[in-house]
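Comments concern the structure below.
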Amino acid sequence: MKKFLILLFCLFLCSCRPEREDYFVLEFDDYSLAVGYDDMNYLKLVFEADLPEEMEANEEMKDIEMTFWGNYFADIDLRNPIDETISPDDAILSGLDLYLPNAGMTTYKLDGIELSSSVKENCRMFDGEYIERNGYACLITRQVDQKLNVVILHGDILNMDQDELSRIEIYVE
């Protein structure tokens with residue numbers, strides 16, 4: 001009996017799904033999204049997207065336009081994590097490309113820390129990798145359940161101040 005309980009306990013530990021807080025959680029105004037954790041049902045409480053009726057087993061859908069009150073503000077990627085056909089509403093959010101000027105929110109937080117308007121400042125706060133190529137960007141990564149959770153903060157390459165935060169990209173690979 002004791003061996004059975006130990007085996008059951010080990011099985012339980014191995015099958016634990018990561019918590020929402022293990023992923024990067026992006027908050028803006030009164031909303032929050034955890035790429036890699038939240039599903040389309042959660043997103044549809046506030047946001048809208050045109051989706052097909054079904055998603056095939058292990059299918060990925062890329063660059064789906066999301067709207068908020070009829071205004072385009074982001075592209076998302078969805079992934080069906082199981083081996084059967086499901087409704088896209090049950091698919092997991094696997095990528096988010098948020099355009100700040102289109103979103104029009106007032107504050108943005110990553111893991112509860114308010115983002116500044118400067119890519120360089122944000123990079124220092126999160127100990128990310130600052131990249132200076134055709135514009136400025138900051139790469140922040142975290143390992144979650146044998147997958148890489150990535151945040152890229154992009155500067156505005158069309159602005160005089162290219163360090164101004166204009167786009168937030170989050171994905172899980």
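Keep in mind the model is a prediction, meaning the values are calculated, not measured. Below, all heavy atoms of this structure are taken into account, side chains as well, without hydrogens, waters or symmetry copies.
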Parallel, tilted or perpendicular for Y108 and F28, by the 30°/60° rule?
tilted
Between N80 (side chain) and E84 (backbone), is there a donor-acceptor pair under 3.5 Å?
yes
Check: D156 side chain, Q162 main-chain N or O, donor-acceptor pair, under 3.5 Å
no
So which heavy atom on [X] is nearest to which on [Y], and how close?
X: V119; Y: A137; answer: CG1-C, 3.8 Å
X: P52; Y: P88; answer: O-CG, 3.1 Å
X: G128; Y: C138; answer: CA-SG, 4.0 Å

Going only through I, L, V, M, F, W and Y residues with side-chain contacts under 4.5 Å, is there a path from [X] to [Y]?
X: M125; Y: V150; value: no
X: I76; Y: F47; value: yes
X: V35; Y: V144; value: yes
X: Y130; Y: I170; value: yes
X: Y99; Y: L165; value: no

Nearest 0.5 Å please: distance from the [atom1] atom of [X] over to the [atom2] atom of [Y].
X: L26; Y: L96; atom1: CG; atom2: CG; result: 6.5 Å
X: E173; Y: S94; atom1: CD; atom2: OG; result: 10.5 Å
X: M61; Y: M40; atom1: CE; atom2: CE; result: 9.0 Å
X: N41; Y: D89; atom1: CG; atom2: CG; result: 5.0 Å
X: D75; Y: M66; atom1: CG; atom2: CE; result: 10.0 Å
X: L115; Y: N122; atom1: CG; atom2: CG; result: 4.5 Å

Centroid-centroid under 6.0 Å between Y37 and Y42 rings:
no
Student check: side-chain heavy atoms of [X] and [Y] closer than 4.5 Å:
X: D22; Y: D145; value: no
X: L51; Y: I64; value: yes
X: V25; Y: L110; value: no
X: V46; Y: F68; value: yes
X: Y23; Y: V172; value: yes
X: D39; Y: L93; value: no

Looking at residues at least two apart in the chain, or sitting in another chain, which of them share a side chain to side chain contact (heavy atoms under 4.5 Å, CB included) with E169?
D97, I152, H154, R167, Y171
Residues joined to I92 in its hydrophobic cluster, side chain to side chain under 4.5 Å directly or through other members, sorted by chain and number, are none
Is it the case that S118 and D163 place a side-chain donor and acceptor less than 3.5 Å from each other?
yes
Face-on cation placement of R142 at F24 ring, 6.0 Å and 45° thresholds
yes
Using the rule side chain to side chain contact (heavy atoms under 4.5 Å, CB included), only one of V151, N149, L148 pairs with T141; which is it?
L148
Applying the side chain to side chain contact (heavy atoms under 4.5 Å, CB included) criterion to I86, which one of E59, M55, E56 satisfies it?
M55
Is atom CD1 of I113 surrounded by more than 12 heavy atoms (other residues, nucleotides or ligands) closer than 6.0 Å?
yes
Should we count CD of Q143 as having more than 12 external heavy atoms under 6.0 Å?
yes
Considering only NZ, NE, NH1 and NH2 on the basic side and carboxylate oxygens on the acidic side, decide whether D38 and R20 come within less than 4.0 Å.
yes
